[in-house]
Amino acid sequence: MSALTNAKKPANLTLSADVLADAKALGLNISRVCDDHLRALIKAEKERRWKEENAAAIDAYNARVEKNGVFSDGWRSF
């Protein structure tokens, strides 16, 4: 993790009143929950975009393996 990972900045959020009340009643750290969930969403979106941007290369590689196999096909014993 970079040095900026732990840096915190204030942000204004608008949450549903019932969700906020339930979170507070449960003792949840709203900032931590939002940060963790947003981090997970960002990671998933970056992965989705990477796969989309590299789909042609992935398809070409898979086609090559399907046609020619992989380099270790003659050596592996399973």
Heavy-atom closest pair, residues Asp35 and Lys8: OD2-NZ, 4.2 Å

Do Arg32 and Asp36 make a side-chain contact, defined as non-hydrogen atoms from C-beta onward lying under 4.5 Å apart? yes

Rounded to the nearest 0.5 Å, the CG atom of Asn62 sits from the NZ atom of Lys67 at a distance of 15.0 Å

Hydrophobic cluster identity match, Leu38 and Leu13, side-chain contacts under 4.5 Å: no

Do Leu28 and Asp22 come within less than 4.5 Å of each other through their side chains, counting heavy atoms only? no

Of the non-hydrogen atoms in Lys51 and Ile58, which two are nearest, and what is the gap between them? O-CD1, 4.4 Å

Would you find a donor on one side and an acceptor on the other, under 3.5 Å apart, between the side chain of Asn54 and the backbone of Trp50? yes

Per the side-chain hydrogen bond (donor to acceptor under 3.5 Å, both in side chains) rule, which among Glu45, Glu47, Glu53 passes with Arg49? Glu45

